[in-house]
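Below is one structure, written out as structure tokens; comments come after it.
First the proteins, then the strands, lettered A, B, ... as listed; each starts at 1. Values in this document were obtained by computation on a predicted structure and should not be read as measured data.
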Number of protein chains: 2
Amino acid sequence: MKVTINDVAKHAGVSMKTVSRVINKEPSVRKKTYDLVMQAVEELNYQPNTAARNLAGTSSFAIGLVYDNPNAYYVIDMQNGVLSRCKEEGYELVIHPCCAQDPDMHKEIATMIQRSRLAGLVLTPPLSEQQDIIDMLDNLGVAYVRLLSGQSNASAPSESKNEEIKANNCIYVDDYAAAYEITEHLIKLGHKTIAFACGDAEHKSTTERLAGYQQALKDHDLTLNDDLIYEGTYSFESGVEGAKALLKNNNAHKITAILGGNDEIAAGALFASRLMNIAIPEQLSISGFEDSPFSRQTWPKLTTAHQANSVISEHAARLLFSKTRGSRKQDKDIITTFTPSVVVRESTGPAPV
Amino acid sequence: MKVTINDVAKHAGVSMKTVSRVINKEPSVRKKTYDLVMQAVEELNYQPNTAARNLAGTSSFAIGLVYDNPNAYYVIDMQNGVLSRCKEEGYELVIHPCCAQDPDMHKEIATMIQRSRLAGLVLTPPLSEQQDIIDMLDNLGVAYVRLLSGQSNASAPSESKNEEIKANNCIYVDDYAAAYEITEHLIKLGHKTIAFACGDAEHKSTTERLAGYQQALKDHDLTLNDDLIYEGTYSFESGVEGAKALLKNNNAHKITAILGGNDEIAAGALFASRLMNIAIPEQLSISGFEDSPFSRQTWPKLTTAHQANSVISEHAARLLFSKTRGSRKQDKDIITTFTPSVVVRESTGPAPV
DNA sequence: ATGCAGTTTGACAGCGTTGTCATTTTAACT
DNA sequence: AGTTAAAATGACAACGCTGTCAAACTGCAT
């Protein structure tokens, strides 16, 4: 029932160490020996014991995914992307949802890392932006990859000493460019008064998206107006509130389009519009951000910026693996900057005359 | 930097084994010794090494969660429920999304179990209903808990020999009762022609919900009509198609309410109604099932049956832990049957006259 | 053949815990 | 105090693998 590396070794007539070499794809094993061992592995249906490998080896065969995000779609996509890479590499994934607010956060993460001897960590926003966590990870000497809002050529966001390492452990999502693009889409539809319903102020993505929106307006000679900006959170409820606030006494501004910080906000705005008897997109255009499945399940379907979260997280995992253990093969196909692209659906249309 | 059990032992002036006893909360350790050790643990900030514990111990400190479900909200809730229990028990969670269709499914799961020496498994529908997987787990002798649609007093669904064990490793969600209740809600609103948009036919929940719906109609002397049943899948798209199919040439039936197999289906039906210019709930009532966040983000908000997935999965984990390792304390608070309760929102109203 | 560098293999000692079983201490009785 | 069973503790060998380093091969130039 239980097959050990020793059994395989005997069966193949080699030493345990050689079997170990084969299953770890280490170099300097003769092809003939390799095949011999593999055959024995097959015949005995040998499964390497993860615990033993973790214990004996330098680092473990598990990585962690840390997140603090209420958005189920986002989290699932992140998990699946990382998971698919883990499967490929024969690693396990330890998921760790947590609360960014918690002051003991970095302790909790440290504990997890030490207990499980994690080989590395993938950090998603907003935790990837927290300096205390980054510092802690550097101190521990654990490999990690951060998912960040911005562009890779921007200055490395960490203040730490070993900068050359720092710059290479980030995956960027260019929210700025995407927001610019989606704002431009609205402008081209003739909209002149475009509101923006922000997500959480602490998130870098919020400032990036806002900046992209503002730059687009500027570039098209439209006036910026703080009254058109609603500061909320990345939630449906916030979208409802935001739209209500923005559209109340709309005579003054004549807002004809609302750009939601994400799909949930946009859906909330859609909901609020319904309550106020505003026709979408005839009277008001609304666009989301992220292209979660959610954006296809509203009525009308949301125009949004497609962000391939599972692909992004898969690349984050690739990048992480390229830094850990043997990092045998150099993975040169890693994309480090992603720019969401506009997906036009039914929630945006020409500005009303 | 790295603190072992040996360090703690020396620091506390006891043997390694005693420290081991303390951190495992084993009985027969004097209070005084316990405190002494705990203090040393605190002072040195000792973190037990999971890999070593897994290797040395009988079973590992990790359980698995296996699912094949496209619904992000559902999965996240399941994860969080199980995770919260794991945290409490000091276990790790290995998540394993998979494809129920895959014929090698049970092999894949077996591999995972052997590699990670999992202490147990939580199975969600539809995998919890697959006999080949159950058999495999029985053969392996791994503890597992199944999440099932039905009632606990129903006959144990497995055909295996050791029945006494079998009956005790299931958590039931009484979809039948919930569907009955929600149908009755519609009937009381005066609806006489109520359609049902089913989820995947293979899922037990589908047949259970359908049966509850039918029984409610029967008990209220309404005629059953197969034309009022749309067989689809648990997806938004299916809801759209279902509503379209049901409402096409509705003169014949005069459907005034649609019961969706889950919230996504209901949201799809809502979407389709929009397209057909049908006012909800004035002309048509629609209800969902599950009470995912989704049901609060449609317009109008969905009447649905609240199913506390994270609570359910937490109890599943409890039940699993009561079967594994020391199962020190008997957890008598485990609920094994959950009945979703109706939540009335805005998508249902009095039948039109 | 012979030597030499490079490649491939193997012996063996841990990795940090827990299980087993022996030993000591305690408490509860005569 | 003396006996005995029960409770608390400890010594030590696994657990299944990998890192280290030494040994044995290989091919190639002499």
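Regarding B:Lys25, its NZ atom lies at a distance of 12 Å from the P atom of C:dT18, rounded to whole Å. If you take CD1 of B:Ile5 and C1' of D:dT9, they are 14 Å apart, rounded to a whole angstrom. Rounded to an integer number of Å, the gap from CG of B:Asn49 to C1' of D:dC15 is 13 Å. Distance A:Arg30 CZ to D:dC25 P: 10 Å, rounded to the nearest Å. Taking atom CG of B:Leu55 as the reference point, atom P of C:dT18 lies 11 Å away to the nearest angstrom. For A:Lys17 and C:dA11, the NZ to C1' distance is 12 Å, given to the nearest whole Å. Whole-Å rounding puts the A:Arg21 CZ to D:dG19 C1' distance at 10 Å. Rounded to whole Å, atom P of D:dA14 lies 17 Å from atom CZ of B:Arg117.
Residues passing the side chain to side chain contact (heavy atoms under 4.5 Å, CB included) test with A:Asp7 are A:Val3, A:Thr4, A:Leu44, sequence neighbours excluded.
Of the side-chain N and O atoms in A:Thr18, one or more sit less than 4.0 angstrom from OP1 or OP2 of C:dG10. Taking only side-chain nitrogens and oxygens, B:Thr33 never comes nearer than 4.0 Å to OP1 or OP2 of D:dA8. Residue B:Ser15 places no side-chain N or O under 4.0 Å from the OP1 or OP2 atom of D:dT9. An OP1 or OP2 oxygen of D:dC15 is reached within less than 4.0 angstrom by no side-chain nitrogen or oxygen of A:Thr4. One finds a side-chain N or O of B:Asn24 lying less than 4.0 angstrom from the OP1 or OP2 phosphate oxygen of C:dT18. Within the 4.0 Å cut-off from OP1 or OP2 of D:dT18, at least one side-chain nitrogen or oxygen of A:Arg53 is found.
Checked by atom type, the side-chain pair A:Asp138/A:Tyr144 shows a donor-acceptor distance below 3.5 Å. Side-chain contact, B:Ser310 with B:Ser313: no donor N or O sits under 3.5 Å from an acceptor N or O.
Across all strands shown, A:Pro48 has heavy atoms under 4.0 Å from sugar-phosphate atoms exclusively, and none from any base. Residue B:Lys2 is classed as a sugar-phosphate contact, given heavy-atom separations below 4.0 Å to backbone atoms only. Heavy atoms of B:Tyr34 sit nowhere under 4.0 angstrom from any nucleic acid atom.
Across B:Phe61 and B:Asn24, no two heavy atoms sit closer than the pair CZ-OD1, 3.9 Å.
Residue whose closest nucleotide on DNA chain D sits further toward the 5' end, between A:Ala56 and B:Ser28: B:Ser28. Residue A:Val29 is the one, among A:Val29 and B:Gln47, whose nearest nucleotide of DNA chain C lies closer to the 5' end (criterion: closest heavy atom).
Not less than 6.0 angstrom separates the ring centroid of A:Tyr67 from the ring centroid of A:Tyr74. Ring centers of B:His315 and B:Phe338: under 6.0 Å apart, within the cut-off.
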Under the criterion side-chain contact (heavy atoms from CB on, under 4.5 Å), I'd like the reasoning laid out for A:Arg117 against A:Ser59: C-alpha separation, chi angles, the key distance, then a yes or no. CA-CA 6 Å; A:Arg117 293 264 192 282; A:Ser59 85; over 6 Å; no
Determine whether A:Gln131 and A:Asp135 satisfy the following criterion, side-chain hydrogen bond (donor to acceptor under 3.5 Å, both in side chains), listing intermediate values before the conclusion. CA-CA 6 Å; A:Gln131 194 58 46; A:Asp135 289 342; 2.9 Å; yes
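For the segment residues 7-14 of chain B, no residue has any heavy atom less than 4.0 angstrom from an atom of DNA chain C.
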